[in-house]
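This report refers to the structure that appears directly beneath it.
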Number of protein chains: 2
Amino acid sequence: MSARVSPSAARADTSRQAQKERTREAILAAALELSQSQGFAQTSLRQVARHAGVVPTAFYRHFASMDELGLALVEQSFGTLRAMIRDAQRDPETFADIIDASAEILVRVVKQNKAHFGFVARERNSGSEAVRQAIQRELELFISELAVVLARLPHLDTWSAEDVKLASGLFVRNMVYRAEQVVQMPDGRPDLEEEIKRKARREMRLIVLGFEKWDSHSG
Amino acid sequence: MSARVSPSAARADTSRQAQKERTREAILAAALELSQSQGFAQTSLRQVARHAGVVPTAFYRHFASMDELGLALVEQSFGTLRAMIRDAQRDPETFADIIDASAEILVRVVKQNKAHFGFVARERNSGSEAVRQAIQRELELFISELAVVLARLPHLDTWSAEDVKLASGLFVRNMVYRAEQVVQMPDGRPDLEEEIKRKARREMRLIVLGFEKWDSHSG
DNA sequence: ACTTTGAGTGTACGCTCGTGCACTGAAGCA
DNA sequence: TGCTTCAGTGCACGAGCGTACACTCAAAGT
């Protein structure tokens with residue numbers, strides 16, 4: 001196991017494993033695009049291969065089955081989601097008004113990654129058993145991660161871990177719903193976009209008001 | 001479960017239209033059952049016909065396409081949902097503690113109609129264009145109907161129509177999510193069932209606390 | 001008693017599908 | 001340099017698909 005990729009820059013790498021990687025990416029991209037219009041389950045191995053510019057049997061050099069491809073797409077998609085959170089936490093605007101910033105970031109990032117978020121939304125309930133479970137698991141993980149962030153907020157810093165997770169779940173599920181709307185939104189409609197942001201903000205505010213009262217409530 | 005309906009058997013009604021209706025129901029039931037295990041889009045016309053006990057071409061005597069069948073299933077499913085609301089409003093228990101009653105009714109009714117609720121959850125994001133739009137429309141309608149009920153509750157009776165709908169939307173989306181969980185729940189696990197009810201109750205309570213504060217909030 | 005109607009049948013067609021198998025030819029290594 | 005490896009090719013197969021078309025035969029209408 002020596003260092004694989006030699007640092008010869010400039011022109012395209014013609015090495016064997018680099019070419020293989022390129023084909024793999026082409027297959028992933030093809031599957032993602034075809035999924036957008038017809039759903040992953042209706043996307044055939046042959047369609048993917050055709051779109052990626054390879055012969056059907058070449059598919060098997062990269063994935064043992066369409067199911068395995070699906071799992072790779074889940075991983076890719078949640079990579080995008082995690083990048084979104086990381087960016088949000090770096091952005092100083094986030095701490096100024098966490099709700100406004102969240103709505104803003106949500107719409108912007110989902111719009112930039114419609115394919116990935118659309119994939120998750122679609123396959124969450126309708127994918128194969130393996131894909132569905134992978135998504136549920138990642139989503140649970142994401143709720144837990146957000147809970148850690150929320151736990152540092154005023155009002156929530158005294159809550160039990162379970163209560164914070166409940167709040168996190170409410171937020172994530174609403175974000176998922178609004179993300180679904182953004183994915184389905186036609187291009188070039190800033191009015192719809194603003195409407196979604198506005199609704200997302202109001203919903204989050206309503207939930208936050210619940211937070212504030214929960215403090216003195218279950219004491 | 002092939003549900004062949006033979007016209008020769010001893011039967012209450014052997015009239016032509018009654019027999020046709022029976023076959024139509026068999027097709028709907030077959031499609032619903034096959035959808036549960038493999039999704040509606042992966043269910044072929046031939047599979048449905050086989051399951052319903054008719055020859056493939058007989059399918060066309062009832063539906064012009066699988067898409068039309070899908071729309072009929074949407075209608076059937078939301079009929080079930082509306083029946084749930086009607087029952088809930090009749091039940092005196094509902095007014096004693098609306099949250100406890102809602103959680104109870106939600107789990108009970110969804111468990112009794114896993115096929116219909118599962119169909120809606122699955123096809124809401126992944127069905128054909130027509131099916132997806134039909135579900136979104138029905139869901140919007142349902143949110144509006146629930147809003148009318150909510151508008152009569154304390155705290156909410158002074159809210160604007162838009163605010164009530166926002167609250168209704170939050171409730172419905174959480175119910176949809178918990179319904180998805182009930183559908184995926186394995187049989188004979190009253191512990192999981194109780195856990196879902198408990199979480200649903202706590203979420204609803206948190207949202208209701210938001211209601212109470214929203215009153216005195218600027219809006 | 002007759003004709004008409006139409007739900008359901010049976011055959012046959014041209015597709016696309018996943019996948020097994022033998023292959024090619026360039027990259028990579030000794 | 002010559003040998004090995006393996007990503008990608010090309011072909012062939014059996015199976016399932018949607019649906020066109022001509023049909024049967026009992027209920028419904030006259």
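Chain identifiers are assigned alphabetically (A, B, ...) following the order of the sequence lines, protein sequences preceding nucleic acid strands; residue numbering begins at 1 within each chain. Bear in mind the structure is a predicted one, so any value in this text is a computation, not a measurement.
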Exercise for the section: Indicate, with a heavy-atom threshold strictly under 4.0 Å, whether A:Arg50 touches base, sugar-phosphate, or nothing. Expected result: sugar-phosphate
With the side chain of [X] defined as its heavy atoms from C-beta on, choose the nearest nucleotide among [options].
X       : options               : answer
B:Arg16 : D:dC17, D:dT9, C:dT5  : C:dT5
A:Leu45 : C:dT9, C:dG18, D:dC17 : C:dG18
A:Arg61 : D:dG18, C:dC17, D:dA7 : D:dA7
B:Ser44 : D:dC17, D:dA12, C:dG8 : D:dC17
B:Val54 : C:dT9, D:dT19, D:dG8  : C:dT9

Rounding to a whole Å, what distance do you find between [X]:[atom1] and [N]:[atom2]?
X       : N      : atom1 : atom2 : result
A:Phe63 : C:dT19 : CZ    : P     : 15 Å
B:Gln47 : D:dA15 : CD    : P     : 16 Å
A:Gln19 : C:dA26 : CD    : P     : 13 Å
B:Arg22 : D:dA27 : CZ    : P     : 12 Å
B:Ile27 : C:dA7  : CD1   : C1'   : 11 Å
B:Glu68 : D:dG18 : CD    : C1'   : 16 Å
A:Arg46 : D:dC11 : CZ    : C1'   : 10 Å
A:Glu21 : C:dA27 : CD    : C1'   : 17 Å

Do we see a donor-acceptor contact under 3.5 Å between the side chains of [X] and [Y]?
X        : Y        : result
B:Glu180 : B:Gln184 : no
A:Gln19  : A:Arg16  : no
A:Gln38  : A:Thr43  : yes

Handout entry: Test side chain to side chain contact (heavy atoms under 4.5 Å, CB included) applied to B:Glu145 and B:Leu141, B:Val149, B:Val148, the passing residue
Key = B:Leu141
Fill in the blank from the handout: Comparing B:Ala58 with A:Met66, nearest DNA chain C nucleotide closer to 5' gives the residue B:Ala58
Practice task
Could you tell me whether the phosphate oxygens of C:dA26, OP1 or OP2, come under 4.0 Å of any side-chain nitrogen or oxygen in A:Thr14?
Solution key: no
Handout entry: Any A:Thr57 side-chain nitrogen or oxygen under 4.0 Å from OP1 or OP2 of C:dT19
Key = no
Completion exercise
5'-most contact on DNA chain D (nearest-nucleotide basis), A:Pro56 vs B:Pro56, goes to A:Pro56
Exercise for the section: Taking A:Gln47 for its side chain and A:Ser44 for its backbone only, find out whether a donor-acceptor pair lies under 3.5 Å. Expected result: yes
